[in-house]
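It should be emphasised that the depicted structure is a prediction, and the values quoted were computed from it without experimental measurement.
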Amino acid sequence: MAECEACILGLRLDIDMNVQELLVIRDSDLLVHQVLGEWATKKTKILPFLHCVQKLIRRFTKLEFKHVPRIQNEFADALATLSSMIQHPEKNFINPIPIGIQKQPAYYAHVEEEFDRNPWFHDIKEYLEKGEYPENATHTQKRTL
């Protein structure tokens with residue numbers, strides 16, 4: 001559903017900008033074929049989204065869907081998920097997200113196993129629920145929380 005919602009938002013934005021010809025590049029082969037009516041949809045929850053997409057694509061004079069494998073398009077998948085979580089009072093508006101490309105990879109996702117066997121967010125969750133810092137938390141750790 002996140003893929004469909006992202007597609008709908010993009011199509012609505014293109015319509016608002018009076019785009020007539022459009023190339024839609026998606027990493028979901030399933031979504032592309034379902035929107036084009038080439039494949040059946042088994043999940044009834046997604047049908048209203050697909051109908052909305054099919055209604056919107058009729059507004060373009062020329063429209064082409066192209067599938068790009070997800071492995072080549074991880075960034076688009078992340079943006080699609082993010083866009084489905086954005087709630088804005090004006091339905092056709094999304095605040096721009098500044099994006100930069102780094103010359104070196106960042107290793108932010110590397111999290112070592114905690115010695116106490118709790119997940120990395122355990123202390124944060126405890127602080128939010130109880131308003132108390134962990135017993136042996138340092139001043140720096142408390143500021144971080």
What distance do [X] atom [atom1] and [Y] atom [atom2] have between them, rounded to the nearest 0.5 Å?
X: Thr41; Y: Gln34; atom1: OG1; atom2: CD; value: 3.5 Å
X: His139; Y: Tyr133; atom1: NE2; atom2: OH; value: 9.0 Å
X: Gln141; Y: Arg143; atom1: CD; atom2: CZ; value: 12.0 Å
X: Glu38; Y: Leu30; atom1: CD; atom2: CG; value: 11.5 Å
X: Leu63; Y: Leu11; atom1: CG; atom2: CG; value: 7.0 Å

Quiz prompt | hydrophobic_cluster_shared for Trp39 and Leu50, side chain cutoff 4.5 Å | solution = no

Specify the closest pair of heavy atoms between [X] and [Y], including all atoms of both residues, with the distance to one decimal.
X: Cys52; Y: Arg12; value: SG-NH2, 3.7 Å
X: Val53; Y: Cys4; value: CG2-O, 4.3 Å
X: Arg59; Y: Gln20; value: O-OE1, 4.5 Å

Quiz item: Below 4.5 Å, heavy atoms only, C-beta onward: do Leu23 and Phe65 meet side chain to side chain?
Solution: no

Quiz item: Are side-chain heavy atoms of Leu31 and Ile46 found at a separation under 4.5 Å?
Solution: no

Quiz item: side-chain hydrogen bond (donor to acceptor under 3.5 Å, both in side chains) with Glu132: which residues, sequence neighbours excluded?
Solution: none

Quiz prompt | Verdict with reasoning, Val24 to Lys66, per side chain to side chain contact (heavy atoms under 4.5 Å, CB included) | solution = CA-CA 6 Å; Val24 180; Lys66 181 179 177 184; over 6 Å; no

Self-check item: side chain to side chain contact (heavy atoms under 4.5 Å, CB included) partners of Asp14, counting only residues at least two apart
Solution: Met17, Val19, Leu22, Phe60

Quiz item: Can you name the side chain to side chain contact (heavy atoms under 4.5 Å, CB included) partners of Thr44, sequence neighbours left out?
Solution: Leu47

